[in-house]
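Have a look at the structure below before the remarks.
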Amino acid sequence: MKVALVHDWLNGMRGGERCLDVLCEIYPEAPIYTLFYEKGKLPRSIACHDIRTTWINRLPAVYSRYRNYLPFFPAAIESLDLGAFDLVISTSHCVAKGAKKGKEAFHICYCFTPMRYAWGFFDEYFGNKNFVLRALIRTAVKKLQTWDKKATDRVDRFVAISHHVRHRIKKYYDREAEVIYPPCETDFYTLNPAVARENFYLVVSALVPYKKIELAIEAFAGGSRRLVIIGDGPERKKLESMSSDNVQFLGWKPDEALRDYYRRARGLIFPGEEDFGIVPLEAQACGCPVIAYGVGGALETILEEKTGTFFTELSVKGLLDSIENFEKKEWGAQDARHNALRFSRTRFKDEMKNYIQGVLPKKMEAR
């Protein structure tokens with residue numbers, strides 16, 4: 001059986017790429033089709049595959065300004081020639097699910113989310129643009145919505161990363177989906193009993209508007225609590241300008257350094273709405289409890305009053321009240337660790353293999 005993997009784009013190792021990495025392990029001979037690929041940004045386990053890109057890869061400044069080319073993504077993904085493959089597995093938060101398969105092929109989409117900027121999160125992504133530019137983007141997004149809905153007809157089975165995403169797939173695509181949670185690298189993110197908790201809170205995030213990092217900064221502004229922010233992005237200068245001395249920006253850190261901060265932090269602050277959210281699980285795997293906005297994927301990965309606490313009012317007061325309640329409780333590192341183990345890489349690999357084997361047409365299994 002000839003298998004092709006399709007991923008939106010490859011320019012870093014984030015949660016989606018960790019899912020792709022496991023699929024690469026399951027199908028070591030499968031080529032990877034993608035809009036564009038920035039060499040040097042991925043581990044050998046992915047980079048050693050035959051990676052085939054589209055013409056988007058040749059556009060100016062594509063690696064840093066790829067969202068400017070969003071209107072061209074549907075045509076680019078449709079240009080891929082997948083006619084020789086029996087099984088297509090797409091890992092998609094944008095257009096990968098719209099790749100055209102052969103007539104007899106079977107397409108499984110592991111869906112990270114229906115496109116957030118097209119379905120329900122326009123202001124979070126484009127609210128800071130001027131009126132004219134927002135109007136132009138909105139017109140492009142409406143066309144993208146039409147294409148996106150139609151492209152789901154090319155998918156035989158959807159798998160969602162969370163029940164939250166499963167509901168969004170039903171709402172926007174009117175399709176059912178199985179839920180298989182993404183993997184957390186629990187063999188790497190581990191407890192270290194020799195490392196003591198320190199009196200600071202941690203944020204790990206891309207610095208973009210929808211992550212709501214400004215809420216955490218405002219909650220800590222001028223207070224005695226310390227906040228350490230690991231991450232970078234277009235909002236960094238703005239966020240630094242509104243920060244007080246007790247807020248420290250470190251940029252992105254290597255995995256080993258990040259693990260060290262997870263092990264030492266008093267708690268992780270997770271103020272945005274995520275479809276799943278791998279960061280709270282990495283923190284819990286290191287024994288670090290979480291204070292999260294109580295919507296989306298966080299409700300599925302954090303056990304309230306056991307591995308973390310939620311705030312339901314998206315405001316400075318709501319977050320501060322939650323921090324104060326958090327500080328009244330003793331949190332067990334082993335409880336957090338035990339919860340994270342439910343999302344291990346081995347579990348993800350086994351569930352994906354079993355699912356794929358279970359839904360493939362019988363005539364395809366013999367190929």
Side-chain angles (χ1 to χ4, degrees), residues 4-21 23-24 30-82 88-100 109-119 121-122 124-130 132-134 136-148 151 154 205-211 231-237 251-252:
L5 305 176
V6 186
H7 195 74
D8 289 305
W9 52 79
L10 293 169
N11 69 336
M13 193 66 181
R14 294 170 290 270
E17 288 71 40
R18 295 190 188 281
C19 297
L20 175 64
D21 189 43
L23 291 171
C24 287
I32 302 171
Y33 288 82
T34 189
L35 291 174
F36 61 88
Y37 166 43
E38 186 174 1
K39 293 182 180 180
K41 292 295 185 73
L42 295 164
R44 188 180 182 282
S45 55
I46 295 177
C48 69
H49 281 244
D50 178 8
I51 299 177
R52 306 174 186 181
T53 61
T54 70
W55 46 268
I56 293 287
N57 198 59
R58 300 191 294 273
L59 296 178
V62 65
Y63 302 144
S64 59
R65 300 182 181 272
Y66 56 90
R67 285 194 178 90
N68 292 346
Y69 298 116
L70 181 62
F72 305 109
F73 285 0
I77 207 72
E78 288 178 342
S79 72
L80 295 173
D81 183 7
L82 302 177
V88 175
I89 303 175
S90 62
T91 42
S92 181
H93 74 278
C94 191
V95 296
K97 64 183 169 296
K100 292 182 176 180
C109 174
Y110 188 65
C111 186
F112 303 121
T113 181
M115 274 188 264
R116 289 173 66 94
Y117 24 81
W119 303 106
F121 290 86
F122 182 89
E124 283 81 351
Y125 281 89
F126 305 115
N128 60 346
K129 306 295 184 184
N130 64 56
V132 174
L133 189 55
R134 275 204 316 275
L136 291 173
I137 296 172
R138 195 176 293 278
T139 299
V141 165
K142 286 187 179 297
K143 293 181 179 180
L144 193 60
Q145 285 178 335
T146 301
W147 176 87
D148 194 45
R154 299 170 189 161
S205 177
L207 304 184
V208 293
Y210 84 91
K211 299 286 189 177
D232 212 337
E235 293 280 292
R236 180 166 178 172
K237 287 186 177 179
W252 288 117

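Quick note: residue numbers are just sequence positions, from 1.
The only option from Leu35, Ile32, Ile77 that meets the side chain to side chain contact (heavy atoms under 4.5 Å, CB included) definition with Val6 turns out to be Ile77.
Annotation: the span from Ser92 atom OG to Asp148 atom CG amounts to 7.5 Å, rounded to 0.5 Å. For the atom pair Leu70 CG and Met115 CE, the distance stands at 7.0 Å (nearest 0.5 Å). For the atom pair Asp50 CG and Tyr33 OH, the distance stands at 7.0 Å (nearest 0.5 Å). Between the CZ atom of Arg52 and the OG1 atom of Thr34 there is a distance of 13.0 Å, given to the nearest 0.5 Å. Atoms CZ and OG, from Arg18 and Ser45 in turn, are 9.5 Å apart once rounded to the nearest 0.5 Å. Between Thr53 atom OG1 and Arg58 atom CZ the span is 7.0 Å, to the nearest 0.5 Å.
When every heavy atom of Arg236 is checked against every heavy atom of Gly251, the shortest pair comes out as NH1-CA, 3.5 Å. Listed here is the closest heavy atom pair of Ile51 and Ile46: CD1-O, 3.9 Å. Closest non-hydrogen pair, Ala30 versus Leu5, comes out as CB-CG, 4.0 Å. Scanning both residues, Ser90 and Ala96, for their nearest heavy atoms gives CB-O, 3.8 Å. For the residue pair Gly231 and Leu207, the shortest heavy atom distance occurs at O-CD1, 3.8 Å. Across all non-hydrogen atoms, the minimal contact from Asn57 to Tyr37 is OD1-N, 3.0 Å.
Between the side chain of Glu78 and the main chain of Ala75, no donor-acceptor pair closer than 3.5 Å is present. Arg154 contributes no side-chain N or O that, together with a main-chain N or O of Lys100, makes up a donor-acceptor pair within less than 3.5 Å.
Here Tyr66 pairs with Trp9, Phe36 under the ring pair (Phe, Tyr, Trp, His ring centres under 6.0 Å) rule; sequence neighbours left out. Taking Ser205 as the reference, nothing meets the side-chain hydrogen bond (donor to acceptor under 3.5 Å, both in side chains) condition, with sequence neighbours excluded. Checked against side-chain hydrogen bond (donor to acceptor under 3.5 Å, both in side chains), Ser79 has no partners two or more places apart in sequence or in another chain.
In this structure, Asp8 and Phe73 have side chains that are not in contact, with every pair of non-hydrogen atoms separated by 4.5 Å or more. Counting heavy atoms from C-beta on, the side chains of Val62 and Asn11 never come closer than 4.5 Å. Using a 4.5 Å heavy-atom cutoff, the side chains of Lys41 and Leu10 are not in contact. Using a 4.5 Å cut-off on side-chain heavy atoms (C-beta onward), Leu20 and Cys24 make contact. Annotation: side chain of Val208 is in contact with side chain of Pro234 (closest heavy-atom distance under 4.5 Å).
Atom CZ of Arg14 sits in a crowded spot, with more than 12 heavy atoms from other residues, nucleotides or ligands closer than 6.0 Å. In this structure, Tyr69 places its OH atom where more than 12 heavy-atom neighbours from other residues, nucleotides or ligands lie under 6.0 Å away.
Looking only at atom types and distance, the side chain of His7 has a donor-acceptor partner in the side chain of Thr91 under 3.5 Å away.
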Step by step, would you call Met13 with Asp21 a side chain to side chain contact (heavy atoms under 4.5 Å, CB included)?
CA-CA 9 Å; Met13 193 66 181; Asp21 189 43; 4.0 Å; yes
